[in-house]
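Below: the structure, in structure tokens.
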Amino acid sequence: MPDDRPEPSLSRPPTPAPDAPESESALVAARREKLARWRAELGITGYGHRVDGRCSLAEARSLFREDLHVAFEAIVARRRAATAGGPAATVEEAASLLAEDPRPTVRVAGRVVQHRAMGGLVFVVLRDETQDLQVSVQRAAVDPAHFRLAEKLDYGDIIVAEGRMGRTNRGEVCVWAASIDLHVKSLVPPPEKWHGLTDPETRYRQRYVDMYANPQTIRVFQARSRIVARIRNVMDGRGFLEVETPMMQPIAGGAAARPFVTHHNALGMPLFLRIAPELYLKRLLVGGLPRVYEINRNFRNEGIDRQHNPEFTMMEVYEAFGDCETMLELTESLLHTLASEIDHLVPDASPVTGTDEAERMPAAVSPPTAPLLRPFGDTIVDWARPFRRTTYGALFESALGFSMSDGPRVRERAAAAGVENHAQADQWLLVSALFDRFAEARLDPARPTFVTDFPSAISPLTRPHSDRPELAFRWELFVAGMEIANAYTELNDPDVQLARFTEQLAGADDDAKTFRSLDDDFIHALRVGMPPAGGLGIGIDRVVMLMTDQTSIRDVILFPLMRSTGDVQRAGPVILPETTDA
RNA sequence: GACCACGUAGCUCAGUUGGCAGAGCAGCCGACUUUUAAUCGGCCGGUCCUGGGUUCGAGUCCCAGCGUGGUCACCA
């Protein structure tokens, strides 16, 4: 390049673009300057147009054929012999060579993730959602403007390249560029090319950067999508109908969590973001849909940790004339299917671990299966069927050393463990507290385990055993220390349900009273008559965590909730919800 | 909500007992036609999260705040 070329700032006023703050770093300024130079000298717009006939980088790579490449090299060698040698020295020679080139032509697009300019030869590695692929640019093979562009590309730019599928002398499969076009100039300096972006805060806040800097991130969300699609596929195959019920509810029911509150202006009414779809889905059983499911978000106004995000995705399933045992079979079958197919659902997901041959679609029925191992953090989960089963009471007794029916000892142990309110609280609430603290930890994290026969006192929507009413037809599935699923034989006696609700409301503390109320219409629906049914909830985020070996829920949620950083700009005041009983 | 840790260049990270703010990558200029984190020569780059305090002197020590991570609490 000529040394006396005028700086762009001389031909353009030094005022920054509207979106360029004065404090913008020198690195961003350098990229803006480069774009301005390209626009002036190469006629590049910087923000490209529609591209037809593009293939993915994976497809392009699959078109490479060694025999064609060898044939091409033979042609080159023959020409060298004829014309005293060297690589193509002129554009004319290169053009006539191209006419004889037997290798397939491709057009690819991607983001630049590596760039090595070596004088007359430039190597650019592109990335798209499938994989990385090198584009090689020879000075003699492209228009000079294209070569000048290729020489100065930055990590983060998006380009479209066209050329033949071949390879380098070192065996790297690549596109030998005949043309290169800039389709987006990236103005933001990229993460470090070797270590990538590791700061979790930036990864979550700027997921778009994380996604191109860390290909594994895209793989996880591709896997998530395919897992959810496969779940829908299984549910549809079993005759369930997918439905959508309100996420904004006048009464937040179906669970005991604290809801988010909002407000509808035109109706002048407070609304809650749902904590569960359960009470609406059961209304559908009353209405005559015997098999329904819903996969969507629930919102719980509670703490955040590696297993909890305020909004999370759950699948709820209801099956008329089923019970918690049919839900158990469904759950076990579904999870085993996912665990066995995950590597095929996502071919690129785990290039390191090759577990190809063993797993095919399992039979519909469920004989015991061979071990089906998948890593999750420090443990290796065995998804072999059948999953383990134990009862709540047995697990309690093995952990605490006495029966959960032993009222005095339960109270005594709760006191010793410092459980809040141990003197007045219901015995079964103390049992539940002790169970959560001591018994859950006794489960083998490597073996999915159904814990059955929960206490009725903590299962207000569940049908009790007729011979032992203190126990309910309810189980939870635990895997790797996480609660993955929860199912009941649904309570469909309206009078018992009303009594349970009333009892629960009476026991609510002042805080809970602000958002809990009795859903009279649900009781009315039960009076109309709900068929006996099994009901199930599966935490989709946690299932995805297990299947993709991500130990933080934030790594399976595209945009996990982060605290506001104070740079939020509002057009006007936030309208706060009216206080209750306004 | 409680406790612990962390916050230094665009990114990944050093920073000694309190004594001039550092490296690699990235960027800029130059060389280079088969690289693989290319290499080589030269150069640029800082609100040490924010605000106070102690001190002759604070990235370092103290206090408060903000953000993130972790543990706990909360969590059909």
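In the text below, chain A, chain B and the rest are named by the order of the sequence lines, each starting its count at 1.
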Provide the Watson-Crick or G-U wobble partner of [N], both distances under 3.5 Å; none if there is no partner.
N: B/C32; result: none
N: B/U50; result: B/A64
N: B/G27; result: B/C43
N: B/G18; result: none
N: B/U71; result: B/A2
N: B/U55; result: none
N: B/A9; result: none

By the 4.0 Å heavy-atom rule, please label [X] as base, sugar-phosphate, or nothing.
X: A/A213; value: nothing
X: A/I275; value: nothing
X: A/Q206; value: nothing

For a quick check under 3.5 Å, do [X] and [Y] share a side-chain donor-acceptor pair by atom type?
X: A/R139; Y: A/H146; answer: no
X: A/H115; Y: A/D154; answer: no
X: A/D210; Y: A/T217; answer: yes

What string of B, S and - do you get for nucleotides 65-70 of chain B, 5' to 3', when a contact is any protein heavy atom under 4.0 Å? --SSSS
Nearest to the [X] side chain among [options], which nucleotide is it?
X: A/R116; options: B/U12, B/U36, B/C28; value: B/U36
X: A/P190; options: B/G30, B/A26, B/A37; value: B/A26
X: A/L27; options: B/C13, B/A26, B/A38; value: B/A26
X: A/Q134; options: B/U36, B/G10, B/C75; value: B/U36
X: A/K34; options: B/G27, B/U36, B/A37; value: B/G27
X: A/K193; options: B/A38, B/C11, B/G27; value: B/A38
X: A/L121; options: B/U34, B/U12, B/C25; value: B/U34

A/C324 to A/T489 - nearest heavy-atom pair and separation: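 Scanning both residues, the minimum pair turns out to be N-OG1, 3.0 Å.
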Nearest atoms (heavy-atom pairs only) where A/R103 meets A/R164: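 Between these two residues, the closest heavy atoms are O-NH1, 2.7 Å.
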Would a distance-only check, ignoring hydrogens and angles, find a side-chain to backbone donor-acceptor pair under 3.5 Å from A/S456 to A/P469?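 Yes: the side chain of A/S456 pairs with the backbone of A/P469.
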With under 30° as parallel and over 60° as perpendicular, where do the rings of A/Y212 and A/Y155 fit, or are they tilted in between?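 A/Y212 and A/Y155: perpendicular rings.
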Ignoring backbone atoms, establish whether A/Q114 has a side-chain N or O less than 4.0 Å from OP1 or OP2 of B/A38.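 Yes, within the criterion.
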Phosphate oxygens OP1/OP2 of B/U34: is one of them under 4.0 Å from a side-chain N or O of A/S136?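 For A/S136, the contact criterion (side-chain N or O under 4.0 Å from OP1 or OP2 of B/U34) is not met.
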Kindly say whether, by distance alone, the side chain of A/H308 makes a donor-acceptor pair under 3.5 Å with the base of B/C75?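 By the distance-only test, yes, there is a pair.
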Partners passing side chain to side chain contact (heavy atoms under 4.5 Å, CB included) against A/D509 (at least two apart in sequence or in another chain):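 In terms of side chain to side chain contact (heavy atoms under 4.5 Å, CB included), with neighbours along the sequence ignored, A/D509 is linked to A/D511, A/A512.
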B/C62 and B/C75: how far apart are their P atoms, nearest whole angstrom?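 It comes out at 36 Å once rounded to the nearest Å.
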